[in-house]
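Reckoned from all heavy atoms, side chains included, excluding hydrogens, waters and symmetry mates.
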Amino acid sequence: MRKIIASIALLLFAISLVFAQSEHYDLHPAFPHYLTAEEQLLMHTLPEKAIRNATTAPQGPVNALAEFQPMGGVLISYPLGIPVSLVAQLSQVTQVKVLVNNANQGNLALSFFAQNGVNVSNVETWNAPHDSYWTRDYGPWFIIDGNDQVAIIDFTYNRPQRPHDDAALQYIVPHLDMPRYEMPMIHTGGNYMTDGYGTAASTQLVITENPNETVASLRQIAQNYLGVNNYLFIEDPMHDYIYHIDCWGKFLDVDKVLVAQVPVTDSRYNDYEAAAAVFANATTPWGNHYQVYRVFEPGIEWYATPYTNSLILNDHVFVPIAGTQWDDDAIEVYQQAMPGYTIVPILQSSNPQWENTDALHCRTHELADKGMLYIKHYPLLGNQEVQNGSVSLTADIKALSEQTLISDSLLVYYRINNSVWQNTALTSVGGSSFEATISGLQNLDTVDYYLFAKDQSGRREHHPYIGAADPHRFVVNAPDDISSPSVEASIMLYPNPAVDRIVLRGDNMTSVSVFDAMGKLVTEIPLNHIATAINCKDWPAGVYYLSILMDNGTIVSKKVVKL
């Protein structure tokens with residue numbers, strides 16, 4: 001009898017734990033991620049609202065901030081839409097700001113976090129009525145305005161029956177203490193990514209949901225409010241209800257983009273390849289072509305593999321995984337694309353679960369560091385013509401904290417042909433402009449470099465952000481491409497730079513010849529017409545040229561950097 005009573009007590013205790021746990025997760029069944037039928041009927045009311053709520057544009061020049069630029073925190077909501085294990089991980093590396101509907105809910109959240117390994121000293125609750133946990137979609141976008149202030153850009157949220165979500169910024173802005181501007185555009189954060197240099201990308205959902213605007217007028221609004229002068233509207237390859245770009249693509253850096261890849265047997269295969277080709281054939285603000293990384297997602301609805309739906313937060317990247325056979329490959333792609341970053345896989349919990357259209361990125365939002373140490377630099381890449389063994393570079397450096405830059409800590413670190421790192425000073429040439437010279441260069445030298453800056457606030461920044469682990473690279477007076485190709489859109493090469501292997505993907509390829517920067521043949525191998533992985537682990541670091549023979553006899557030449 002005692003055993004029966006004990007068993008019943010244990011069962012009741014387990015049930016109570018389940019219910020206690022469920023109090024902290026809320027799937028908001030009244031507000032799914034997709035547009036409800038009622039919301040679809042109300043979409044026609046949004047254009048007028050967007051115009052009515054718009055403010056004047058910020059003073060220019062304006063620079064939209066990218067997710068991979070310096071951030072001061074992350075925004076989530078409570079009840080949670082993410083595993084508490086993710087909250088714990090975030091709290092170890094940044095400030096976690098939690099939207100709650102009232103003070104009692106805030107106390108409940110802090111108690112729950114403390115019991116589950118969260119560093120609550122890095123957690124702050126903000127009373128802000130909200131309808132859902134998709135802070136990505138209704139959260140703030142960040143810019144640096146013409147007054148060198150980090151400011152917030154708002155928009156009309158494309159979910160007309162979620163007034164609290166749309167109005168959440170009025171509660172968030174006082175905490176962030178930043179200027180706020182609202183642009184006359186219907187939008188959603190999951191369908192927007194930017195590179196911090198004037199390029200942004202969304203699916204064509206933006207055009208559909210702003211029927212009173214033309215493509216030209218949408219681009220003009222983005223220019224005025226975000227400083228975006230190159231707005232890409234890409235056909236959504238996923239063909240699912242959400243049409244958000246973060247479900248299949250992600251800027252990892254100014255010249256790096258991650259695009260999902262589905263099996264050849266998937267009916268959407270060509271659409272995904274076309275989306276990847278948009279970037280592969282585009283020129284970045286740095287003047288080079290995008291390094292397009294691909295992450296395999298099987299495309300089967302019951303396999304949650306939303307690997308592009310990750311969160312970059314300073315030197316950490318949080319990647320959603322679901323315990324599938326494709327997880328390890330996805331993490332490896334991130335490691336290849338983002339050397340030096342800490343890649344953190346986040347396994348879904350039973351509640352909430354990840355979905356291919358709704359995962360970690362959708363339910364979090366980075367918060368800009370308003371006092372960031374801002375470095376803008378157009379790097380020297382590829383082949384650089386050098387006279388008298390020297391090359392100069394310039395950068396714009398601003399301490400938005402209004403603290404003084406430390407002059408002897410403004411440096412360019414560089415190495416020649418993988419030798420030891422040296423440094424040279426960045427010197428002021430007026431205002432926020434600085435210049436440095438790298439000397440002692442000879443023809444065909446491979447030069448890696450990165451910028452370093454420090455200010456009196458204690459902030460230390462590099463350009464590129466991760467510094468020595470993934471520096472800028474150029475080659476001195478390299479020869480022209482060995483063949484004289486027009487690069488075919490159908491040929492994809494990734495990763496670039498490469499570490500252990502180079503993947504070639506395309507149609508009708510028959511063989512590839514690889515030459516080093518001196519024009520010496522390194523290897524020649526047959527291709528399987530669709531995809532081939534070339535082992536480059538033992539190649540010396542440097543620039544290589546790949547000449548690809550096609551069925552029709554065309555030679556396609558591509559350049560790759562081996563780290």
Side-chain angles (χ1 to χ4, degrees), residues 67-68 85-86 89 93 193 246-253 255-264 266 269 272-273 275-276 279-280 290-300 303-348 354 356 359-361 464-471 473 491-506 525 528 530-539 541 544 546 558 560-563:
E67 184 176 324
F68 46 77
S85 61
L86 174 56
Q89 293 268 16
V93 298
M193 62 183 190
D246 68 353
C247 294
W248 56 266
K250 187 178 189 69
F251 281 140
L252 305 179
D253 205 338
D255 63 348
K256 294 181 182 181
V257 65
L258 181 69
V259 179
Q261 187 172 52
V262 297
V264 177
D266 192 304
Y269 173 78
Y272 273 87
E273 297 309 296
F279 294 103
Y290 284 97
Q291 302 168 51
V292 182
Y293 294 85
R294 306 301 299 276
V295 59
F296 184 76
E297 299 181 359
I300 304 171
Y303 289 129
T305 53
Y307 300 124
T308 64
N309 205 253
S310 61
L311 173 69
I312 302 172
L313 203 59
N314 297 323
D315 60 353
H316 282 63
V317 186
F318 299 91
V319 182
I321 61 172
T324 71
Q325 68 191 76
W326 301 283
D327 292 347
D328 290 344
D329 289 343
I331 296 303
E332 183 181 350
V333 170
Y334 274 97
Q335 290 169 339
Q336 291 177 353
M338 306 182 77
Y341 286 81
T342 300
I343 311 300
V344 186
I346 300 295
L347 184 65
Q348 68 178 1
W354 303 139
N356 286 337
L360 191 159
H361 191 256
Y465 181 85
I466 207 64
D470 191 19
R473 172 171 286 187
I491 301 295
M492 303 291 294
L493 178 154
Y494 59 92
N496 190 7
V499 178
D500 298 320
R501 64 176 184 167
I502 302 163
V503 177
L504 278 175
R505 179 172 289 276
I525 59 175
N528 68 2
I530 297 175
T532 296
I534 303 171
N535 185 350
C536 64
K537 185 176 182 180
D538 296 327
W539 298 1
Y544 293 83
L546 279 63
K558 283 182 175 286
V560 65
V561 174
K562 166 65 170 66
L563 296 178

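Pairing each heavy atom of P306 with each of P320, the nearest pair is O-CG, 3.4 Å. Shown here for P495 and V560, the closest heavy-atom pair between the two residues is O-CG2, 4.3 Å. Taking both residues in full, the closest heavy atoms of A498 and C536 are given as CB-SG, 4.0 Å, listed atom of the first, atom of the second, then distance. Contact detail for A322 and A304: the closest heavy-atom pair is CB-O, 3.3 Å.
In this structure a side-chain-to-backbone donor-acceptor pair under 3.5 Å is present from R294 to V259. In this structure, the side chain of T308 engages the main chain of D246 through a donor-acceptor pair within 3.5 Å. Remark: side-chain polar atoms of N535 are not paired, donor with acceptor, to backbone N or O of R501 under 3.5 angstrom. Listed for the W354 side chain is a donor-acceptor partner under 3.5 Å among the backbone atoms of I346. A donor-acceptor pair is defined here as one N or O able to donate and one able to accept, closer than 3.5 Å; no such pair exists between the side chain of D253 and the backbone of D255. Under a 3.5 Å cut-off, the side chain of S310 and the backbone N or O of V319 do not form any donor-acceptor pair.
For the atom pair F279 CZ and Y293 OH, the distance stands at 15.0 Å (nearest 0.5 Å). To the nearest 0.5 Å, atom CD of residue Q261 and atom OH of residue Y269 are 6.0 Å apart. Taken to the nearest 0.5 Å, the CG atom of D500 stands 9.5 Å off from the CG atom of D538. To the nearest 0.5 Å, atom CD of residue E297 and atom CH2 of residue W248 are 11.5 Å apart. Taking CG of L546 as the reference point, atom CG of L504 lies at 5.5 Å (rounded to 0.5 Å). In this structure, I343 CD1 and D315 CG are separated by 10.0 Å, a value rounded to the nearest 0.5 Å.
Counted by atom type alone, H361 and E67 present one or more donor-acceptor pairs between their side chains at under 3.5 Å. The closest side-chain donor-acceptor pair between D327 and Y307 falls under 3.5 angstrom.
Using a 4.5 Å cut-off on side-chain heavy atoms (C-beta onward), Y334 and L252 make contact. Put simply, the side chain of F68 reaches to within 4.5 Å of the side chain of F251, judged on heavy atoms. By the 4.5 Å heavy-atom criterion applied to side chains, Q89 and V344 are counted as neighbours. Proximity of L360 to L86: side-chain heavy atoms (C-beta onward) are separated by under 4.5 Å at one or more points. When side chains are defined from C-beta on, F318 counts as touching V93, because their heavy atoms get closer than 4.5 Å.
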Using the side-chain contact (heavy atoms from CB on, under 4.5 Å) rule, take I331 and W326 through it: C-alpha gap first, then chi angles, then the decisive distance, then the call. CA-CA 9 Å; I331 296 303; W326 301 283; over 6 Å; no

Show your working on side-chain contact (heavy atoms from CB on, under 4.5 Å) between I466 and Y341 and close with a plain yes or no. CA-CA 7 Å; I466 207 64; Y341 286 81; 3.7 Å; yes

Residues M338, I312; criterion side-chain contact (heavy atoms from CB on, under 4.5 Å); working and verdict: CA-CA 10 Å; M338 306 182 77; I312 302 172; 3.9 Å; yes

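Taking 4.0 Å as the cut-off between side-chain N and carboxylate O, K256 and D470 count as a salt-bridged pair.
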